[in-house]
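To start, the structure under review is shown below, and the notes come after it.
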Amino acid sequence: MKAGRFGEYGGQYVPETLMNELYRLEEAYNAHKDNPSFVNELNDLLNNYAGRPSLLYYARRMSEELGGAKIYLKREDLNHTGSHKINNVLGQALLAKRMKKTRLIAETGAGQHGVATATAAALLDMECEIFMGKEDTERQSLNVYRMELLGAKVNAVTSGTMTLKDAVNETMREWASRTDDTHYCLGSVMGPHPFPMMVRDFQSVISLEAREQILKAENKLPAVVLACVGGGSNAIGTFYHFIPDKDVRLIGCEAAGLGVDTAMHAASVTKGEVGIFHGMKSYFCQDEYGQIAPVYSISAGLDYPGIGPEHAALFDSGRAEYVPVTDEEAVAAFEFLSKTEGIISAVESAHAIAYAQKIAPTLSKDASVIICLSGRGDKDVAAIARYRGIMVNE
Amino acid sequence: MSRIEKAFDNKKAFIGYVMGGDPNLEKTEEFIMRLIDAGTDLVEIGVPFSDPIAEGPVIQRANIRALAVNTRLKDLFGLVARLRLKTDTPFVFLTYLNPVFRYGYDRFFEKCAQSGVDGVIIPDLPFEEQEEVLELSKKRDVDLISLVAPTSQERIKKIAERASGFLYMVSSMGVTGLRREIKTDLAGMARLAKSVTDIPVAIGFGVHTPRQAKEMSEIADGVIIGSAIVKLIEEHGEKAGDILYNYAKNIKRSM
């Protein structure tokens, strides 16, 4: 297999202007990733700044309510900045620092990755610019102000559909114009090599902890591991150390929006086709002419027309399954978890909760299921209220 | 001698870019002929894509206009076939990879050869990924045009060695668009390329005035102008023909 490939997927389909920078990044990553001083510095930040290890919480009421497998929630929502995004951002920001970069740029959808990047930039005294679709800046205006509070400049992207994919386009354009002092802190396991590998490594701390935690709690491996998938960074992080455990089912939950039989979804595995975009070969929502399709989900974080290349390979090999979950199911799960466990999850993560509601009752009581609760839901409360026809002032 | 080779034969080539289907196919055909009548030596035809990540705002908007009138690859092959009846000027498609991938690589290069497309520029297909289409392009005698950028440095040699048609030298960092000045050491880049290849070198990105065209033509074998042409089409719409003719005439005269 070629470097940077997962089966036929992955690669480096980017303009020539960025190629040397990708090589420099890969080289720096390989030089530092196992270097004790880098590892110690990163672990120190993960533990003492971000709050790792995150809890693996046994959701007793939810398990009883569903009447099947025992449900465990991997509480990435309890990390500093409220999601798993910080795991990757701290890694990349430290690496960028060692590459003598003074400026971080990043795309963001819902704002979680933007907030995490702005946070790391503040902590490490780096300049920071975030690119966010104009539509998302309006949907998530609180996060825009949050990033500005952290010292970042937020650019509203007005090209294309004005959402996450356009924010990625614009960040790539910005990076192509300025690589000497700038690192593109990509937020998911997507884009050109080495990002899918590097981001996966930084996120794999989730399954490294979860595998140990479940063995301690249950003395055996879980039957199922669930995570929501947009680009797929929390999912790959949650799957990674379980991949060799063939009896553990790995299930990624895609955003089906208004339904996969409508045009309003972001289910790139269920409904997409193989294509080449944003630097990688993978599955994309696109039309028969290869134009990237506008996608939709209630969750701005899953509102992306593609999926990371490693997921595409895991899907093809049958090692992981990918299932669609609609807005309606996700919102119902969001409310269900709030009421049964007192946990308001991100609407992204609620897609995984929704699928757990379907699958847990079919499993025996001595089996267990791990769900990655990738983020907290404060940012979504107003949108959920609107979905239910209630107007609240943010 | 191929049509592309002829375009550079004993002269500095002026290469003009238009977006296929902007504002519509008939007008694209007319505009291309006016550019050729004014002395344009090679025409790049943009294949519209939803997410052109190497383009600045001007060409991004042209992509949107062309897609809005449903311009497809098959329409552009038809356009080139019609133009081929009228002219021997070489045509090069500038396309992102995904529309080609979905069309089918083999079928794409076969249609290029049949309709008279002489070369293809794919901005998101760098050297490392070229094997994706390299053999198929060779089989059909369609030049796969390679790009080198100010950041390419030591890569210039290996890229130039494999390059066919002409070498597209990107003048500046970033995306396509008008620039007031170009600071890259283009002469140095051109020398490096010339040390390993005999194919012509053309400079693009940011060039728009006759003065810049003159300067660039002193360094390289050809000058590529895209955004400035597209901007005239954006401003003057269906009536852009005469303006394009005069613009191309001025550029060509300066070189």
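Reckoned from all heavy atoms, side chains included, excluding hydrogens, waters and symmetry mates.
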Practice prompt. Kindly indicate whether the side chain of Arg178(A), heavy atoms from C-beta on, has any atom under 4.5 Å from the side chain of Met173(B).
Written response: no

Practice prompt. Please flag which part of Thr161(A) lies under 4.5 Å from any non-hydrogen atom of chain B: side chain, backbone, both or neither.
Written response: neither

Worksheet item: How far apart are the C-alpha atoms of Gln60(B) and Arg173(A), what are their side-chain angles, what is the distance that settles it, and do they pass the side chain to side chain contact (heavy atoms under 4.5 Å, CB included) test?
Response: CA-CA 12 Å; Gln60(B) 283 178 42; Arg173(A) 289 178 184 127; 3.1 Å; yes

Discussion item. Quick check on Ile159(B) against chain A: is it the side chain, the backbone, both or neither that has a heavy atom closer than 4.5 Å?
Written reply: side chain

Practice prompt. Flag yes if more than 12 heavy atoms outside Lys153(A) fall under 6.0 Å of its NZ atom; otherwise flag no.
Written response: no

Fill in: Pro126(B) versus Tyr13(A), closest heavy-atom pair with distance
CD-CA, 4.1 Å

Fill in: Contacting moiety of Leu97(B), where chain A heavy atoms sit under 4.5 Å
side chain

Worksheet item: chain B: which of Ser177(A), Gly160(A), Ser159(A) shares the most heavy-atom pairs with it under 4.5 Å?
Response: Ser177(A)

Response to the item:
Turns out that what part of Pro99(B) lies under 4.5 Å from chain A's heavy atoms comes down to both

Practice prompt. Please lay out, stage by stage, how Leu67(B) and Gln291(A) fare under the test side chain to side chain contact (heavy atoms under 4.5 Å, CB included).
Written response: CA-CA 9 Å; Leu67(B) 286 175; Gln291(A) 306 294 342; 3.5 Å; yes

Item to complete: Pick one of side chain, backbone, both or neither for Pro52(B), based on which atoms fall under 4.5 Å of a heavy atom in chain A.
Response: both

Worksheet item: Should Arg102(B) and Glu273(A) be marked as a side chain to side chain contact (heavy atoms under 4.5 Å, CB included) after you check the CA-CA gap, both sets of side-chain angles, and the distance that decides it?
Response: CA-CA 9 Å; Arg102(B) 286 303 306 247; Glu273(A) 303 272 355; 3.1 Å; yes

Worksheet item: Any donor-acceptor pair under 3.5 Å linking the side chain of Thr151(B) with the backbone of Thr17(A)?
Response: yes

Worksheet entry | Structural part of Asp166(A) lying under 4.5 Å from a heavy atom of chain B | side chain

Response to the item:
Counting heavy-atom pairs under 4.5 Å with chain A, the top scorer among Ser152(B), Ser172(B), Ala54(B), Ser146(B) is Ser152(B)

Item to complete: Go through the atoms of Phe284(A) and report whether side chain, backbone, both or neither lie under 4.5 Å from a heavy atom of chain B.
Response: neither

Practice prompt. Can you establish whether the number of heavy atoms outside Glu27(A) located under 6.0 Å from its atom CD is more than 12?
Written response: no

Fill in: Lys157(B), NZ atom: more than 12 neighbouring heavy atoms under 6.0 Å
no

Worksheet item: Do Glu21(A) and Arg155(B) sit within salt-bridge range, that is, some charged N less than 4.0 Å from a carboxylate O?
Response: no

Practice prompt. For the residue pair Ile276(A) and Glu132(B), establish whether any side-chain heavy-atom pair is separated by less than 4.5 Å.
Written response: yes

Worksheet entry | Between Glu16(A) and Tyr168(B): side-chain donor-acceptor atoms closer than 3.5 Å | no

Worksheet item: In terms of heavy-atom proximity below 4.5 Å to chain B, should Val168(A) be classed as side chain, backbone, both, or neither?
Response: neither

Discussion item. Are more than 12 heavy atoms, taken from residues, nucleotides or ligands other than Lys111(B), located less than 6.0 Å from that residue's NZ atom?
Written reply: no

Worksheet entry | Asn98(B) side chain vs Gly290(A) backbone, donor-acceptor pair below 3.5 Å | yes

Worksheet, complete the sentence: Bottom line for Phe49(B): the part with an atom under 4.5 Å from chain A's heavy atoms is both

Item to complete: Let me know if Glu55(B) has heavy atoms under 4.5 Å from chain A in its side chain, its backbone, both or neither.
Response: backbone

Worksheet, complete the sentence: Counting heavy-atom pairs under 4.5 Å with chain A, the top scorer among Leu73(B), Asp51(B), Ile53(B) is Asp51(B)

Fill in: Portion of Val100(B) that has a non-hydrogen atom of chain A nearer than 4.5 angstrom
neither

Item to complete: Could you look at Phe277(A) and say if it's the side chain, the backbone, both or neither that has a heavy atom under 4.5 Å from chain B?
Response: side chain

Fill in: Most chain B-contacting option - heavy-atom pairs closer than 4.5 Å, from Ala293(A), Gly275(A), Gly279(A)
Gly275(A)

Discussion item. With a sphere of 6.0 Å drawn around NZ of Lys33(A), does it hold more than 12 non-hydrogen atoms of other residues, nucleotides or ligands?
Written reply: yes

Item to complete: Output the option from Lys281(A), Glu288(A), Gln12(A) having the highest count of non-hydrogen pairs under 4.5 Å with chain B.
Response: Gln12(A)

